[in-house]
K.L.:
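Okay, handing you the structure first.
Every chain is numbered from 1, with letters handed out A, B, ... down the list of sequences. Every heavy atom of this structure was used, including side-chain atoms; hydrogens, water molecules and symmetry mates were not.
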Protein chains: 2
Amino acid sequence: MTSTGSGDDAVAPAAGATRAHPRKAATIYDIAQLAGVDPSTVSRALSKPGRINAITAQKIQEAARSLNYRVNPAARALPTGRTRTIGLIVSDITNPVFFDIVRGAEQEAANQNYTLVLAESRESNDTELLTAHRLLPSVDGLILATSRLDSEQIQELADEKPVVVLNRVVDGVESVVADVDAGVGQAVEHLAGLGHRRVGYLPGPERSWVSGRRGEAIARQCAQRDIEVTMLPAARPMMEGGRQSAGDVLAAGVTALFTYNDLQAIGLLLELTATGTRVPDGLSIIGFDDIFGADFTTPPLTTVAAPHAETAASAARSILARLDGEERPASGAHLRTELVVRGSTGPA
Amino acid sequence: MTSTGSGDDAVAPAAGATRAHPRKAATIYDIAQLAGVDPSTVSRALSKPGRINAITAQKIQEAARSLNYRVNPAARALPTGRTRTIGLIVSDITNPVFFDIVRGAEQEAANQNYTLVLAESRESNDTELLTAHRLLPSVDGLILATSRLDSEQIQELADEKPVVVLNRVVDGVESVVADVDAGVGQAVEHLAGLGHRRVGYLPGPERSWVSGRRGEAIARQCAQRDIEVTMLPAARPMMEGGRQSAGDVLAAGVTALFTYNDLQAIGLLLELTATGTRVPDGLSIIGFDDIFGADFTTPPLTTVAAPHAETAASAARSILARLDGEERPASGAHLRTELVVRGSTGPA
DNA sequence: TTGTAAGCGTTATCAG
DNA sequence: CTGATAACGCTTACAA
């Protein structure tokens with residue numbers, strides 16, 4: 001047992017000197033020499049199996065194995081122009097929605113032996129643009145998860161490499177969008193059934209395309225059922241934003257409220273509960289995304305869930321397909337949103 | 001408004017054909033030509049400013065800008081052997097602990113103009129090893145966040161490139177470890193003060209080094225205060241694991257329980273509450289990590305918090321420092337754990 | 001300070 | 001099927 005009792009040092013050089021990294025990696029030249037063939041033959045044997053004599057291929061494989069050979073991705077990228085890497089930019093790593101998005105993209109990439117490069121824009125369009133440009137030269141394609149960029153900026157990026165935007169439509173740029181109306185329809189129906197006639201919407205960032213779509217869908221669905229909807233002042237898409245909007249919400253005189261996302265919903269729920277408004281008795285709340293934690297608030301949150309992992313996976317797939325020269329985006333399954341009814345909604 | 005009503009397609013080729021990506025990127029040769037200098041001069045001007053005539057530097061900058069030049073990272077990596085990339089492998093992207101870890105690493109990397117490559121091992125040592133080997137050639141260093149690998153496997157990785165393991169000690173390999181005892185000491189003290197004499201520990205994966213350390217720390221601290229501690233059968237480090245252990249926990253006859261992590265704690269809490277055991281009256285629960293959500297369970301979770309973001313940032317810093325040729329790891333601040341008292345602990 | 005030239009590890013083209 | 005050989009875009013002694 002290496003336990004050192006209390007008072008560990010934060011950074012441990014560890015027992016025994018930290019190792020050096022001298023032994024430079026084997027190259028196809030080393031293999032060629034060992035196998036008695038030309039380096040170019042090694043290259044072929046390794047990258048396009050089948051197009052080579054079985055027996056020499058064998059020898060090469062063995063040599064490679066014995067030398068513990070690994071291709072040098074940078075070297076491969078130079079002549080091919082392909083890095084076997086795709087980039088993903090999210091606005092806030094700390095937001096649980098991105099679990100599923102990151103996982104979906106990472107899995108799909110890993111499946112096809114691609115590697116996922118992740119960056120965070122921290123809800124700022126400036127850093128998003130910077131980051132995108134920093135990433136672009138080193139990836140084969142880029143996924144923009146919740147872009148706050150202008151359409152033109154995105155189009156420019158898309159001019160350089162395959163770009164897919166998630167849950168946003170940008171002219172001329174491919175996108176994967178889950179159908180909001182399905183879930184919102186169910187939600188409004190649900191509220192109507194509970195007798196609500198005045199509902200509100202707490203929007204997220206102005207630059208958020210989804211926030212707009214969600215607002216529209218709500219307005220549309222409510223209009224169809226003759227329900228009055230009032231739009232509140234925008235709030236930051238975090239728990240804090242929800243908390244801070246509690247006053248606005250109460251002042252709005254609605255009996256049910258949609259928030260832009262679950263984070264806001266949870267923040268609001270907490271604030272309301274803390275200040276004596278009961279949910280759902282005093283106010284019904286519906287969030288969006290069904291994030292981690294939405295099921296264990298008190299009461300648990302009713303929310304419009306979206307297939308985030310599948311959305312991201314689909315985006316990754318689409319990029320990889322395009323890299324493989326396919327024209328038509330591999331139009332994936334229908335991505336639908338869906339209401340998850342829990343405890344935060346009740347009779348008006 | 002582009003809204004299409006309901007029935008959106010999942011993958012939209014988008015209005016107007018998806019763009020092509022022909023225009024090949026400008027190189028230093030293009031700049032050289034435009035600026036009337038040699039490419040090598042351009043290279044210097046761009047990579048080591050100062051070592052060049054101010055006026056030619058100026059010309060080169062302008063040419064670069066006008067051509068919208070971006071360095072080709074692969075091309076740069078080839079002669080230098082440096083990719084300006086660091087890898088991070090986590091066991092489960094979906095576990096909120098990793099928010100902070102990912103963010104800490106990503107921010108520190110981005111600060112120094114490095115890029116973070118992320119991969120998930122899904123709690124499997126096989127895929128972890130595979131992933132590590134897949135990543136290694138394309139990164140300058142690797143951070144293993146919660147490795148399930150054997151020490152020897154990690155040491156082999158560390159022989160090739162700078163590797164830092166988080167919250168684990170491996171001989172000869174650098175690591176960043178938060179001091180568990182501090183927080184556990186506070187926690188046991190807290191329980192003792194509440195009159196608990198029999199506490200339990202629900203461990204995580206067998207291969208998890210932290211799980212072992214946490215168990216030891218608990219045992220040690222309890223021994224000092226003459227508190228009896230019983231070790232339960234291990235459970236998976238997820239909410240599900242906590243849920244499934246509810247029976248074991250109740251059977252153990254303890255009045256307070258530490259779980260390996262907050263995920264388990266939350267799962268257990270939910271299960272217990274659902275089946276009629278009240279927390280903390282029937283059982284006090286303490287988790288580890290203070291993840292997202294720990295503050296809004298009912299009751300909110302008492303937990304031992306660790307500075308995850310700082311831990312990861314420190315790891316990244318250490319790798320970057322080593323890449324810059326510094327010998328001594330930049331021994332960061334003391335990383336201490338700390339008890340956060342909330343509602344899941346009460347009198348015995 | 002700047003130019004020359006070699007080299008980084010692969011792939012790709014072209015003969016043989 | 002395999003071997004030369006020229007890229008790929010950038011860095012880096014070494015010279016000038």
K.L.:
Write out all pairs satisfying side-chain hydrogen bond (donor to acceptor under 3.5 Å, both in side chains) with one or both partners inside residues 125-138 of chain A, taking only residues at least two apart or from two chains.
P.N.:
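Applying side-chain hydrogen bond (donor to acceptor under 3.5 Å, both in side chains) to every pair that reaches into residues 125-138 of chain A, excluding sequence neighbours, yields A:S124-A:T127, A:E128-A:S147, A:R134-B:T115.
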K.L.:
Hey, what bend do you get for the helix from C:dT1-D:dA16 to C:dG16-D:dC1 if you fit axes on five pairs at each end, rounded to 10°?
P.N.:
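Its terminal axes enclose an angle near 30°.
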K.L.:
Run the side chain to side chain donor-acceptor pair (under 3.5 Å) test against B:T83 and tell me which residues pass, sequence neighbours left out.
P.N.:
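In terms of side chain to side chain donor-acceptor pair (under 3.5 Å), with neighbours along the sequence ignored, B:T83 is linked to B:D140.
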K.L.:
What range of DNA chain D does chain B touch, first nucleotide to last, counting atoms under 4.0 Å from its heavy atoms?
P.N.:
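Span of nucleotides near chain B: D:dG9 to D:dA13.
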K.L.:
With sequence neighbours left out, what residues match A:A63 under side-chain contact (heavy atoms from CB on, under 4.5 Å)?
P.N.:
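With neighbours one apart ignored, the set is A:I31, A:L34, A:A35.
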K.L.:
Quick one: does B:L116's side chain get under 4.5 Å of A:V117's, heavy atoms only?
P.N.:
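Heavy-atom side-chain distance check fails, nothing below 4.5 Å.
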K.L.:
On DNA chain C, reading 5' to 3', which nucleotide is the first and which the last to sit with an atom under 4.0 Å from a heavy atom of chain B, could you check?
P.N.:
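From 5' to 3', the first and last contacting nucleotides are C:dT1 to C:dG9.
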K.L.:
Hydrogens and angles aside, do B:Q112 and B:R317 bring a side-chain donor and acceptor to less than 3.5 Å of each other?
P.N.:
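There is no such pair (donor and acceptor under 3.5 Å, judged by atom type) between the side chains of B:Q112 and B:R317.
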K.L.:
Working note: A:W209 + A:R148, criterion side chain to side chain contact (heavy atoms under 4.5 Å, CB included); need CA distance, chi angles, decisive distance, verdict.
P.N.:
CA-CA 8 Å; A:W209 193 85; A:R148 306 288 185 251; over 6 Å; no
K.L.:
Does a side-chain heavy-atom distance below 4.5 Å link A:V102 with A:D100?
P.N.:
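A side-chain contact under 4.5 Å is absent here.
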K.L.:
Do B:S91 and B:S121 pair up side chain to side chain, a donor and an acceptor below 3.5 Å, judged on atom types alone?
P.N.:
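The criterion, which ignores hydrogens and geometry beyond distance, is not satisfied for B:S121 and B:S91.
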K.L.:
Expected output is a numbered-order residue list: members of residues 41-48 of chain B with a heavy atom under 4.0 Å from any atom of DNA chain D. What is it?
P.N.:
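Output list: B:S43, B:R44, B:K48.
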K.L.:
Could you pull out all residues at least two apart from B:D38 that satisfy side chain to side chain donor-acceptor pair (under 3.5 Å)?
P.N.:
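Per chain and number, B:D38 pairs via side chain to side chain donor-acceptor pair (under 3.5 Å) with B:S40.
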K.L.:
Which heavy-atom pair separates A:K161 from A:V139 by the least distance, and what is that distance?
P.N.:
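A:K161 and A:V139 have their closest heavy atoms at NZ-O, 2.7 Å.
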K.L.:
Is the shortest heavy-atom distance from the side chain of A:V177 to the side chain of A:V169 under 4.5 Å?
P.N.:
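Heavy-atom side-chain distance check passes, below 4.5 Å.
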K.L.:
Within the 4.0 Å heavy-atom criterion, would you say B:I52 contacts the bases, only the backbone, or no part of the nucleic acid?
P.N.:
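Since only primed, P, OP1 and OP2 atoms lie under 4.0 Å of B:I52, the category is sugar-phosphate.
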K.L.:
Select base, sugar-phosphate, or nothing to describe what A:R70 touches, counting heavy atoms under 4.0 Å on all strands.
P.N.:
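Result for A:R70 = sugar-phosphate.
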K.L.:
Any residue in residues 53-66 of chain A with a heavy atom nearer than 4.0 angstrom to DNA chain D? Just list them by number, or reply none.
P.N.:
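Within residues 53-66 of chain A, the residues near DNA chain D are A:N53, A:T56.
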K.L.:
Among all residues two or more places apart in sequence or in another chain, which pass the side chain to side chain donor-acceptor pair (under 3.5 Å) test with A:R84?
P.N.:
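In terms of side chain to side chain donor-acceptor pair (under 3.5 Å), with neighbours along the sequence ignored, A:R84 is linked to no residue.
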K.L.:
Test your reading of the model: is there a side-chain donor-acceptor pair from B:N72 to the backbone of B:A74, 3.5 Å cut-off?
P.N.:
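Yes, because the side chain of B:N72 sits within donor-acceptor range (under 3.5 Å) of the backbone of B:A74.
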K.L.:
Do A:L157 and A:L149 come within less than 4.5 Å of each other through their side chains, counting heavy atoms only?
P.N.:
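Of all side-chain heavy-atom pairs linking A:L149 with A:L157, at least one is under 4.5 Å.
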K.L.:
Quick check for you: to the nearest 0.5 Å, what is the distance between A:T27 atom OG1 and A:L67 atom CG?
P.N.:
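Between atom OG1 of A:T27 and atom CG of A:L67 there are 9.0 Å.
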K.L.:
Please list, in numerical order, the residues of residues 72-79 of chain B that have a heavy atom closer than 4.0 Å to any atom of DNA chain C.
P.N.:
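Only B:L78, B:P79 qualify.
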K.L.:
List the steps, then state whether side chain to side chain contact (heavy atoms under 4.5 Å, CB included) holds for B:S151 with B:E156.
P.N.:
CA-CA 9 Å; B:S151 299; B:E156 277 171 30; over 6 Å; no
K.L.:
Could you check whether any side-chain N or O of B:R122 sits under 3.5 Å from a backbone N or O of B:I93, counting only pairs where one atom can act as donor and the other as acceptor?
P.N.:
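No, B:R122 side chain to B:I93 backbone: no donor-acceptor pair under 3.5 Å.
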K.L.:
Would you mind classifying the nucleic acid contact of A:S40 as base, sugar-phosphate or nothing, using non-hydrogen atoms under 4.0 angstrom?
P.N.:
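Contact class for A:S40: base.
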K.L.:
I want to confirm an ordering. Mapping A:Y29 and A:G50 to their closest nucleotides on DNA chain D, which one lands closer to the 5' end?
P.N.:
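In this pair, the answer is A:G50.
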K.L.:
Side chain to side chain donor-acceptor pair (under 3.5 Å) with B:R70: which residues, sequence neighbours excluded?
P.N.:
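Scan of B:R70 (side chain to side chain donor-acceptor pair (under 3.5 Å), adjacent residues dropped) gives none.
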